[in-house]
Structure formats: C-alpha cells, structure tokens
Protein chains: 2
Amino acid sequence: MDSPVGFIGEPADGLLRKLRVRDQISREEEAVIRGVIAEVRVVKAGQIIVPAEMPVSISTLLCDGLVCRYKDLGSGRRQIMDIHVAGDFVDLHAFLLGKLEHNVAAITDCRLAIVPHKALRAITETHPHLARFLWFVTLVDAAVLREQILSIGRRNALQRIAHLLCELEARLQVVGLAEGGRYRLPLTQSDVADATGLTSVHVNRTLRTLRDRGLATFRSGEVTIHDQPGLRQVAEFDPGYLYIGRRPI
Amino acid sequence: MDSPVGFIGEPADGLLRKLRVRDQISREEEAVIRGVIAEVRVVKAGQIIVPAEMPVSISTLLCDGLVCRYKDLGSGRRQIMDIHVAGDFVDLHAFLLGKLEHNVAAITDCRLAIVPHKALRAITETHPHLARFLWFVTLVDAAVLREQILSIGRRNALQRIAHLLCELEARLQVVGLAEGGRYRLPLTQSDVADATGLTSVHVNRTLRTLRDRGLATFRSGEVTIHDQPGLRQVAEFDPGYLYIGRRPI
DNA sequence: CGCTCCTTTGACAGTAATCAACAATTGTGG
DNA sequence: CCACAATTGTTGATTACTGTCAAAGGAGCG
C-alpha cells in the first residue's frame, strides 16, 4: 500500500500553509478555519469521494494523500482534470454549485477533513475576508485548469508530462512536500496518461525520453527532477499561474 | 465590420438574465448590481481588453459582443481557453487574483460595463448573497474549463468542434441570443482552431464533415444546427456542466 | 481595383494511437 | 513464505489522425 502523501499534523495545517503564502490570516481567522472542520475521515486508495451529480452538503479538505477529479467518456476514455495535494479543497466548487459534474476520487489512501456547507455559508455572512480567501482558492483552481487546457491543446507529449511534473513540484513545495527536486507521486503511467490526454503506452515512451535527456525520472511512485531549468524550458513552465506570493485578498 | 453579437439594453441585463436562471435576485440586489457599473466602454474587434500580467483594479462585464481569453506559446501557438458572450464577466477572476495570467481580447466590437473592484469588495462585505452569486459564476467558468479539458484531451476533431457549437448554443440561449438552432458566431476558422487545439486547416476539413453529415453549418459568422440531437450525440454533449437551473445560492 | 485576410484543397510528414506480446512488480491466499 | 493472479510497465509493428507546407480561389476593404 502507498504510504500517505502528506505530513501528519492538524487537519487544517496544509490549507493554512497554502493560504499564508498568499495573505495574512489572523489568529481569529485561523481559529474559524480550524473550527469549521466537523470531522476527519480516512478513505482507501481508489475510492470515490464525491460521485458526479450527487447533491452534496459538505466540502472536503485534503489533509494528506493524493486526489483527482475526472470525467469518463464512452469506450473507456477518461480525463483527469486536476490532481489535488494536501491542503487543497477537493470539492469546494460544490459549495455553491450544489453538486459536481465530475467525480472526485482518492488516488492514494487519504485523510480528509469534512467541512459542512452550512459553516462555509456562515463564513460568507460573517467573515468576508475568509470568504474571499475561499473564493480565491477556487480561482487558482480555475487558473490551473486554464494552464491544463494550454498544455493539452498546444504542447506535445514531452512538454505535457514535463509540465505536469513542474506544476506538481511547485504545488507540493508550497505545503512542504517536495524538496531538492524530489517528491512522492504514486500515480500509475495510466493515470499520467489520463491527466495529460495521452495513452499509457505513449506516456511510457515519453518518460523514457525525459530520463534519457537527463531531465527527470518518474519511477515507483517517485519523481526526481534532475535538471529543473531544463525541464521548465522544455515544458515552457512559468509558475505565475499558481498565484503564489503575498497580496492582500 | 461585424455587427454586435448581443442585444441593446441596459448594461447589466445580460448578467441579470444569466443570474435569474439560477436563483432569485431581489429588486434591491438588482439595484446594487446596476449600481456597481461605473461606466460603459466600447472596444473594437481585435483589441486586447486585459493584457496578461497587468495589475487590474476593475472588472469587465460583457454587454454585447464576443470576447476570448487566451494564452500564447512559443512559435505562434495560441490557445483560447474560453469564449465569453453577453452577460459574462470576462475578468471577474482578476478581482481576487489581482491580475490575470492570460490575455482577454475582443473578438468582435464590444460594449463593456466597467465595475471597480472596490465595489465588488463592498458587495462581499455587505451583500453575502450577491457575493456568493459572483463566486458562483466564476465556478461555472471553471466547470466550462473542465469540460474544455475533457474535450481537448479525449475528443477527436469532429467531436471537439461539435461540442463547441453545442456549448455556445446553450450559453447563448440563456441570454436569448440563439433560437431555432441558429446563432451568430463571428469567429474565423483560425479562432475555432485555437479554441479546440487544432489547426485551421483541419478545422476547415472538419467543418465540411459536419456539413456533409447534415449536423451543422458554420459559415460567414453564423452557426446553423441542423440536427441538434445528432450533433449532441456526436459531441457527447450534456449541458449539465453549465449549471443552468434554479437552486438557492 | 488592388490588397489583405480568410477559406479551401492537395500532397506529404509526423506525432501519437492501436494492437499485441511479454516482463516486472505488487498483491493474495494457501 | 511461496505460488499464482492481477496490475503495471516495456517494447515493437502498424495505423491513423492531425499537422505542415503550399497554392489558389473568395470576400471584404480602402
């Protein structure tokens, strides 16, 4: 079984870390955030956390593990839209949408913090700054989706995979889960294919090319970036779209 | 020059229409929305409305015309992430992000309503329901982006273009700009290529196939859907991701 | 009326998909 | 703890979808 991708800490630690690289969070706000967590659950790898089209009244904060959002199409085609790491809300969009049009599934065993929509709604009524913050993280989600569109639409296989590895490194770094160009990524090549709009066979060949060129290695659930500048150049990766950096929200 | 794609009315009419298919808007809220519009501007086709990376302190509501968000990559590659129609905020995401990582450009001549971020911020402080509504429309933007990822990642050229035509019909219908399977769409085939991750040559061939199969015609800036069920089936189009339909927000 | 942009078409190239088989790894149960 | 099953990874041969290059015909504009 995969060891959890994440740190063991208070459920909201990852989220707070993610927020604090963007703006200040007061002690009182921190308490509010910690307070909205109704419960912590554990799910097994492969389990569906939020099925498409099911009305939901809670949102889920990922404490550790890896989660993806995906849609299925006819004849076995599957597309992963986004991969979530510790500190991400995996279904905050459902707070106002009421349901999701895609599935959310655990890639690895995960620890999840449950936040009732009622509590989120209360935040929008009484804590506008926190509400904007929550809105903000959904906007960063959208920015990641736009970059994903660019990737799949206009980058070739090598660039797409390189880009994915660069993005995950940057996002994992924010929550302290990547250092020295190494991080755990317990995806199968088939998962990578679904995330990049390729086939697993082609992913396999492309990963070999990345290795042969001395750019990065992805093997047994672990990524090692050998040459970050080189990899970023190949991918045309610019982390600006992650909106990391302080700015009043 | 293209005639404007839209209706002539009060600047906020399109937005209100879009909101009211989702939830109730009180008279007082309607007044607030109309009140935040500081000014109405007109831009010419092709003009960049919001350049990437430029700090912004206003957001832009599209009254009529067609707008796109896009990013450029090396060697002339361009990807359109989203096309906006009357009633859409074209850069509401910048309210909290502070800037955008992509460009926003007018495809046709446009009428734009300008909303200062200060006014939006005030709404988050004093009108939580409206604030959630604004948040909601950015979440629908994200849902459209996810569907776009699915399209480009897993649908072939015919399906992608069919899907684009289905989506735009559904979105234009909300604001009353498509009826009887016909609507104005003053895009070049090159624009369609950039929106679907294809080349203009291939778009041209694929449009011919759509025509030959009696599904839809796209010619001189106008779309005619001859066989909606057929087109939707080809595209595997399901409008659920547009979250049209009433639900308290 | 000449120019520019857009559309259309053909020939050819190339990236990635498909099909198929086998190796390696991980998991399971006796 | 070993043997078998299942999943995942690897590689080769072939196909096909889409891209690239090139050129000509239309349409709109000044």
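Just so it is clear: chains get the letters A, B, ... in the order the sequence lines come, proteins before strands, and each one is counted from 1.
- Protein atom CG of B:L73 is 15 Å distant from nucleotide atom P of D:dG19, rounded to whole Å.
- Taking 4.0 angstrom as the limit, A:Q189 places a side-chain polar atom (N or O) nearer than this to OP1 or OP2 of D:dT10.
- The distance from atom CZ of B:F218 to atom P of C:dT8 is 10 Å, rounded to the nearest whole Å.
- Atom CG in A:N204 sits about 5 Å away from atom C1' in D:dT10, given to the nearest Å.
- Note: CG (B:L207) to P (C:dT9) measures 11 Å, nearest angstrom.
- One atom, CD1 of A:I152, and another, P of C:dA16, lie 13 Å apart when rounded to the nearest Å.
- Using a cutoff of 4.0 Å between basic side-chain nitrogens and carboxylate oxygens, B:R155 and B:E147 are scored as salt-bridged.
- Checking D:dT18, C:dT8, C:dT18 against the side-chain heavy atoms of B:H202 singles out D:dT18 as nearest.
- With hydrogens and angles ignored, a donor-acceptor pair under 3.5 angstrom links the side chain of A:R205 to the base of D:dG12.
- Contact check on B:D191 versus B:R78 returns a salt bridge, with a Lys/Arg side-chain nitrogen under 4.0 Å from an Asp/Glu carboxylate oxygen.
- The side chain of B:T188 has C:dC6 as its nearest neighbour among C:dA17, C:dT18, C:dC6.
- Each of A:H93, A:K99, A:E101 was checked for a side-chain hydrogen bond (donor to acceptor under 3.5 Å, both in side chains) with B:Y243, and the lone residue meeting it is A:E101.
- Remark: C1' of D:dG19 and CZ of B:R160 are 12 Å apart, rounded to the nearest angstrom.
- For A:E236 and B:R77, the salt-bridge test passes: some basic side-chain N is under 4.0 Å from an acidic carboxylate O.
- Nucleotide D:dT18 holds its C1' atom 18 Å from the CZ atom of B:R155, rounded to whole Å.
- Nucleic acid contact class of A:G46 (heavy atoms, under 4.0 Å, all strands): none.
- At a threshold of 4.0 angstrom between heavy atoms, the contacts of B:R219 are confined to the sugar-phosphate backbone, with no base atom among them.
- A pairwise comparison of heavy atoms in A:Y183 and A:I225 identifies CE2-CD1, 4.3 Å as the closest pair.
- Ranking D:dG19, C:dT8, C:dA16 by closeness to the B:R211 side chain, first place goes to C:dT8.
- Sequence order on DNA chain D of the closest nucleotides to A:L187 and A:R154 puts A:L187 first from the 5' end.
- A:Q159 has its CD atom 12 Å from the C1' atom of C:dT15, to the nearest Å.
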